[in-house]
2 protein chains.
Amino acid sequence: MSGTHSNTLIRKLHALFPLSAEEVAVLEHACSRMREFAGDVDIVTEGDRPSDCNLLLQGITCRYKLLPDGKRQIMSFHCAGDIFDAQSFILEVMDHSIGTLTPCKVALIPHRTMLDITERYPHIARAVWKDTLIDAAIFREWMTSIGRRSSYQRIAHLFCELYLKMKTVGLTEDHIFPWPITQTEIGDALGMSNIHVNRTLKELRGEGLIVLKDRRLIIKDWEGLKEAGQFDPAYLHLRPADEPARAAGGGERIAPQ
Amino acid sequence: MSGTHSNTLIRKLHALFPLSAEEVAVLEHACSRMREFAGDVDIVTEGDRPSDCNLLLQGITCRYKLLPDGKRQIMSFHCAGDIFDAQSFILEVMDHSIGTLTPCKVALIPHRTMLDITERYPHIARAVWKDTLIDAAIFREWMTSIGRRSSYQRIAHLFCELYLKMKTVGLTEDHIFPWPITQTEIGDALGMSNIHVNRTLKELRGEGLIVLKDRRLIIKDWEGLKEAGQFDPAYLHLRPADEPARAAGGGERIAPQ
DNA sequence: CGGGGCGTTGACTGAGATCAATTATGGTGG
DNA sequence: CCACCATAATTGATCTCAGTCAACGCCCCG
């Protein structure tokens, strides 16, 4: 397959770090083949040594770890455009699993291709690197949520984050977006019980901030939700809309003072 | 300054991803100058746009975020050999702060140098990238600890992790290593109150697992501590001692099957 | 000798986990 | 179209871990 399916990725990377036409073309030909998965199955499992990176084209996945006592921690959610295991071509052994929450389509990029591309196109390397660094920034923010925010704040914060993530790749409409994530999964992501998630959602509904219905989340009061979750999008490192894109293919990148 | 002080870094990177003599030489000349800090001050502050990366030569630092309501989340601890803000040359704006816990010495690597090096030496880029990916893996593990492990497990887990981190750069002796971290700081790292940290430490002491005295941690029962913390070092991605180092400077890297 | 930071301990309180049902919801086959 | 089943959501009652408040001891340092 060639690049028709990687547009979401291009769009996202481009938003992070503008690439030249040649660089975009390289990326579009990087995907060797496509795979489909049912909902609720593993794409990659802890301990695996994958030979490809996965680019999510459709559906929602989560990154998680299972503890010896059966508890689960979900560490991130992913949507179209995410290379959710970019790290696998550098770290070799997976220290966690990736599972689907809905039926999913992914494109495969062989590790060998990743190696070639990142050696020959430092800008692409830096764009993908940047993407993994933003993932890390999101991990840190989640850590902060779980460690120091109340349940109410945590859930509000998660809603804000996923709204912006989905908006970036065009999956939102007004303030409405798909929400296939169950309450138990929210709990496993935020370190709380499914029961408590349920009660907290009721509160958020009661405050008129959100409506969660038919697997879709409606944000009724964006400002209110942001405040409820102490949400500051800085950690997502989205390029502010008013910042001019760096000349594509240019050789330098200077932080604006 | 030239490379005499960057040996710890070289040692660490080398352990992650063997480099050629030329590559090592490049790294040794990357540091432009050195700075010293007192204990309990910020090296980098949230919102900054640093122009250099910091390589920690001596002392202990932490990565943290302050919340609007005054709560603090510590997201990592760092010791000699850590480039604790490698991300800053790609992400530009700091989304968190770095503070010293003890007096510290750091070497500065200008972002411009980082850009040059990572463009011209893809192996170095990959080594530093790998380092940032391991940081991310540690974030994920902390998230798991905070979200799903009991206080007792969390503290045991933290002790195990820092022991191995320090051991890698030669800061341990038998099972003893410096512990300048206060109970309040442990609490801010693990999402618990200083009082509860105190009580949990008492428990760990009572079980004969550790002794914390004179700012030094003594692990009395390594196997017991690992078990108490459900500690599995896989997420640190340390190269197993028996795995032969890749030929330095070689052009490929193939995951052993 | 006095004060500030850190550690320790006790008593009280509360957010959120656990246990136990009950009620949607959606997909399946008859 | 409906009975059936599994999954998810909801609600109530109870319990517990850990946070908060308050006090005190220790030690270092000026």
Side-chain angles (χ1 to χ4, degrees), chain A residues 38-41 60 62 67 69-74 99-103 145-158 178-206 210-218 228, chain B residues 38-41 60 62 67 69-74 99-103 145-156 158 178-206 210-217 228:
Chain A
D40 223 13
V41 299
I60 305 285
C62 74
L67 297 185
D69 53 14
K71 294 200 177 78
R72 176 172 67 158
Q73 178 68 43
I74 292 178
T100 62
L101 300 185
T102 67
S145 269
I146 300 173
R148 289 304 189 206
R149 293 194 174 105
S150 70
S151 326
Y152 187 79
Q153 293 175 314
R154 271 181 244 184
I155 295 191
H157 195 281
L158 177 67
W179 191 272
I181 303 172
T182 68
Q183 295 182 0
T184 299
E185 284 154 359
I186 296 177
D188 284 342
L190 302 181
M192 44 199 288
S193 71
N194 57 342
I195 285 113
H196 196 55
V197 169
N198 183 280
R199 293 188 169 122
T200 310
L201 285 174
K202 196 171 157 188
E203 266 190 89
L204 285 161
R205 226 180 298 133
I210 56 131
V211 175
L212 187 42
K213 196 162 170 288
D214 299 331
R215 320 261 98 179
R216 283 146 50 91
L217 183 67
I218 306 173
Chain B
D40 223 13
V41 300
I60 305 285
C62 75
L67 297 186
D69 52 14
K71 295 201 176 80
R72 175 172 68 159
Q73 178 67 43
I74 291 177
T100 61
L101 300 186
T102 67
S145 269
I146 299 172
R148 289 302 188 204
R149 292 195 175 104
S150 70
S151 326
Y152 186 80
Q153 293 175 314
R154 272 182 243 185
I155 295 192
L158 177 66
W179 191 272
I181 303 172
T182 68
Q183 295 183 359
T184 300
E185 284 155 358
I186 296 177
D188 284 342
L190 301 182
M192 43 200 287
S193 68
N194 56 343
I195 285 114
H196 196 56
V197 170
N198 184 280
R199 293 189 169 122
T200 310
L201 285 174
K202 195 170 156 188
E203 266 190 89
L204 285 161
R205 225 180 298 131
I210 54 132
V211 175
L212 187 42
K213 194 161 171 290
D214 299 332
R215 319 261 100 180
R216 283 145 49 91
L217 183 68

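The chains referred to below are lettered A, B, ... by the order of the sequence lines, with proteins before strands, and numbering in each begins at 1.
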Inset, instruction - Answer yes or no: does a side-chain N or O of S151(B) lie under 4.0 Å from OP1 or OP2 of dA18(D)? - result: yes

Legend entry - Closest contact, heavy atoms only, I146(A) versus G147(B): CG2-CA, 3.6 Å

Legend entry - Working for side-chain contact (heavy atoms from CB on, under 4.5 Å), residues L67(B) and R149(A): CA-CA 9 Å; L67(B) 297 186; R149(A) 293 194 174 105; 3.4 Å; yes

Legend entry - Minimum heavy-atom distance I60(B)-T102(B), with the two atoms named: N-OG1, 3.0 Å

Legend entry - M192(A) side chain near I155(A) side chain, heavy-atom distance below 4.5 Å: yes

Polar-atom pairs under 3.5 Å, protein N or O versus N or O of nucleotides 5-9 of chain C: list them with distances, or write none.
{"residue": "dG7(C)", "atom": "OP1", "partner": "R215(B)", "partner atom": "NH2", "Å": "3.3"}
{"residue": "dG7(C)", "atom": "OP2", "partner": "Q183(B)", "partner atom": "N", "Å": "3.0"}
{"residue": "dT8(C)", "atom": "OP2", "partner": "Q183(B)", "partner atom": "NE2", "Å": "2.7"}
{"residue": "dT8(C)", "atom": "OP2", "partner": "N198(B)", "partner atom": "ND2", "Å": "2.7"}
{"residue": "dT8(C)", "atom": "O5'", "partner": "N198(B)", "partner atom": "ND2", "Å": "3.2"}
{"residue": "dT9(C)", "atom": "OP2", "partner": "K202(B)", "partner atom": "NZ", "Å": "3.3"}

Legend entry - Side chain R148(A), main chain K71(B), donor-acceptor under 3.5 Å: no

Legend entry - Interatomic distance where CE belongs to M192(B) and C1' belongs to dA15(C) [whole Å]: 16 Å

Under 3.5 Å between N/O atoms: give me all the protein pairs with nucleotides 26-30 of chain D, atom names plus distance.
none

Legend entry - Angle by which the axis turns from one end of the helix from dC1(C)-dG30(D) to dG30(C)-dC1(D) to the other, five pairs per end, to 10 degrees: 40°

Legend entry - Whole-Å distance separating the CZ atom of R149(B) from the C1' atom of dA17(C): 19 Å

Legend entry - Pair R216(A) + D214(A), salt bridge at N-O below 4.0 Å: no

Inset, instruction - Give a yes or no on whether the backbone of A189(A) and the side-chain of Q73(A) come within a donor-acceptor separation of less than 3.5 Å. - result: yes

Legend entry - Residue pair E185(B) / P180(B): nearest heavy atoms and the distance that separates them: OE1-O, 4.1 Å

Legend entry - Whole-Å distance separating the CH2 atom of W179(A) from the P atom of dA9(D): 12 Å

Inset, instruction - For residues R72(A) and D188(A), report the shortest heavy-atom separation together with the two atoms involved. - result: NE-OD2, 2.8 Å

Inset, instruction - Would you kindly give the NE2-to-P distance between H196(B) and dG19(D), to the nearest whole Å? - result: 6 Å

Legend entry - Distance, rounded to the nearest Å, where D188(B) contributes CG and dG19(D) contributes C1': 13 Å

Legend entry - K213(A) NZ - dT10(D) P separation (whole Å): 12 Å

Inset, instruction - Looking at every strand, decide which applies to G191(B) at a 4.0 Å heavy-atom threshold: base, sugar-phosphate, or nothing. - result: sugar-phosphate

Inset, instruction - Calculate the interatomic distance between D214(A) atom CG and dT7(D) atom P; express it in whole Å. - result: 21 Å

Legend entry - Heavy-atom pair of closest approach, residues S151(A) and H196(A): OG-NE2, 3.1 Å

Inset, instruction - Please confirm whether the backbone N or O of D40(B) pairs with a side-chain atom of T100(B), one donor and one acceptor, at under 3.5 Å? - result: yes

Inset, instruction - Whole angstrom is fine here: how far is it from CG in L190(A) over to P in dA15(C)? - result: 18 Å

